[in-house]
Trainee: 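Got a structure for you, questions after.
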2 protein chains.
Amino acid sequence: MSTSGGRPRNRRGDGALLREEIVRGAGRLLEETGSEDAVTLRAIARTVGIAAPSIYAHFPDRESVLLAVVQDAFADLGRAMTMVDEADPVARLRAVCAAYLDFALTRPARYRVLFGGAWSAARAQETPTVAADAATVGFDVFDVLVRAVRDCADAGRSTGTDPFADATALWAGLHGLAALRPVTPMFPWPDGVLDRLVDRLVLLT
Amino acid sequence: MSTSGGRPRNRRGDGALLREEIVRGAGRLLEETGSEDAVTLRAIARTVGIAAPSIYAHFPDRESVLLAVVQDAFADLGRAMTMVDEADPVARLRAVCAAYLDFALTRPARYRVLFGGAWSAARAQETPTVAADAATVGFDVFDVLVRAVRDCADAGRSTGTDPFADATALWAGLHGLAALRPVTPMFPWPDGVLDRLVDRLVLLT
DNA sequence: CCTACCGATCGGTAGG
DNA sequence: CCTACCGATCGGTAGG
């Protein structure tokens with residue numbers, strides 16, 4: 001069934017190149033199918049254009065490929081939230097939240113893998129080192145949120161007195177939107193839900 | 001491998017009984033494994049104590065069994081939210097939200113199946129009649145929320161002027177909590193997050 | 001990086 | 001409600 005009949009050979013010194021192709025192929029596959037289970041070694045191999053066993057030269061097993069996808073996605077999300085360029089703390093908080101939501105809406109399957117549970121809760125007990133890592137990175141993302149909220153309070157733009165608790169509520173609201181929107185195409189989400197959440201949960205003035 | 005060696009024969013007229021056992025077994029399996037994919041026909045058959053092909057006497061295919069689980073879960077959630085017995089509208093809204101969250105936290109896998117997307121968005125296009133049904137029931141659950149919010153506004157206990165929009169934001173917050181909590185065992189969720197969300201998003205006075 | 005292959009598991013059918 | 005079985009797919013290994 002291999003329609004490609006082989007792939008152009010990599011140049012010397014490109015040993016890490018294929019590894020990257022595998023991770024990106026797996027990510028693309030995740031996004032196209034919307035399901036983590038559809039990202040099989042064979043499917044990955046097909047999209048990359050190699051034989052399935054060749055993946056084992058770069059990863060010990062399927063789970064490790066998925067973990068690499070998760071780590072990449074966490075890094076992307078963190079980068080998107082950090083790269084926000086706004087001086088005003090309120091504008092910055094809004095932009096950070098918008099970046100979070102944008103990531104989730106443009107890459108719903110990737111986002112679902114990040115906070116869907118398989119890589120933080122369940123597997124954290126089975127493979128502590130590996131999944132604790134993913135969990136930690138997830139908390140880093142949350143910290144960006146806490147800091148943005150605290151900056152608003154420090155600037156006297158929020159009447160909230162507990163930035164951590166406020167950020168927690170905000171995270172819940174953000175995640176709710178991020179998770180529900182891609183799943184409810186028929187639902188008439190009102191305009192400005194995001195700003196409504198930010199305004200009210202952070203008690204912006 | 002069948003350790004049970006057959007099951008006691010049902011009494012006459014219990015034709016619908018096994019169907020129920022299958023759905024409940026599938027639900028239990030879903031909760032124990034946490035994954036929809038683990039609910040295979042063979043696994044269901046094992047928990048119920050029958051042979052896998054026997055399921056076809058009650059359901060045309062695997063998808064239909066899962067749909068029955070989803071419909072049951074929607075009915076359960078709707079019932080739990082409606083059965084709330086509080087006269088004061090604010091107390092009632094809080095109780096409705098608590099019931100929603102309680103359902104999600106005590107049956108996380110079932111909740112995930114309800115609002116995880118597989119049964120509302122994706123499959124709605126493939127099998128319109130079937131999944132549109134599930135989506136409708138999901139909206140019924142949301143309507144309970146809207147009414148509870150509106151009752152607060154009508155009683156002058158909320159300064160919100162758009163019950164639908166407020167309920168939408170509240171739903172996002174609720175779902176965020178419901179989805180994130182089971183997945184973040186290490187995260188120090190502050191006490192009273194739920195009430196904080198309700199208070200602020202519905203502008204309770 | 002490849003072909004060839006194993007053992008396991010799945011959804012579903014045949015036939016009773 | 002059962003046994004027996006098919007075709008497909010999977011993760012992973014052998015051996016090069």
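Quick caveat: nothing in here was measured; it's all calculated off a predicted structure. In what follows, chains are A, B, ... by sequence order, proteins preceding strands, each numbered from 1.
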Trainee: Could you check whether A:R150 pairs with A:D166 (Lys NZ or Arg NE/NH1/NH2 to Asp/Glu carboxylate O, under 4.0 Å)?
Mentor: no

Trainee: In the 5'-to-3' direction, what one-character label does each nucleotide of nucleotides 10-16 of chain D receive under the scheme B = base within less than 4.0 Å of a protein heavy atom, S = sugar-phosphate only, - = no such atom?
Mentor: BBBB---

Trainee: Say whether, by atom type as modelled, one donor and one acceptor occur between the side chain of B:R181 and the main chain of B:A104 under 3.5 angstrom.
Mentor: no

Trainee: Using the six-membered ring wherever Trp is involved, compare the ring planes of A:H175 and B:H175 and label them parallel, tilted or perpendicular (cut-offs 30° and 60°).
Mentor: parallel

Trainee: What do the steps show when you test A:R107 against A:E31 for salt bridge (charged side-chain N to carboxylate O under 4.0 Å, His left out), and what is the final call?
Mentor: CA-CA 7 Å; A:R107 291 180 283 269; A:E31 216 47 70; over 6 Å; no

Trainee: Classify the ring geometry between B:F164 and A:F187 as parallel (under 30°), tilted (30 to 60°) or perpendicular (over 60°).
Mentor: parallel

Trainee: Please set out all donor-acceptor pairs under 3.5 angstrom arising from side-chain atoms of residues 85-96 of chain B, sequence neighbours excluded.
Mentor:
from  : atom 1 : to     : atom 2 : distance (Å)
B:D88 : OD1    : B:R157 : NH1    : 2.7
B:D88 : OD2    : B:V90  : N      : 3.2
B:D88 : OD2    : B:A91  : N      : 3.0
B:R94 : NH1    : B:D195 : OD1    : 3.2
B:R94 : NH1    : B:D199 : OD1    : 2.8
B:R94 : NH2    : B:D199 : OD1    : 2.9

Trainee: Using 30° and 60° as the class limits, which term best fits the ring planes of B:F115 and B:F74: parallel, tilted or perpendicular?
Mentor: perpendicular

Trainee: Treat a base pair as Watson-Crick or G-U wobble with both distances under 3.5 Å, then lay out DNA chain D in dot-bracket form, 5' to 3', with | for cross-strand pairs.
Mentor: ||||||||||||||||

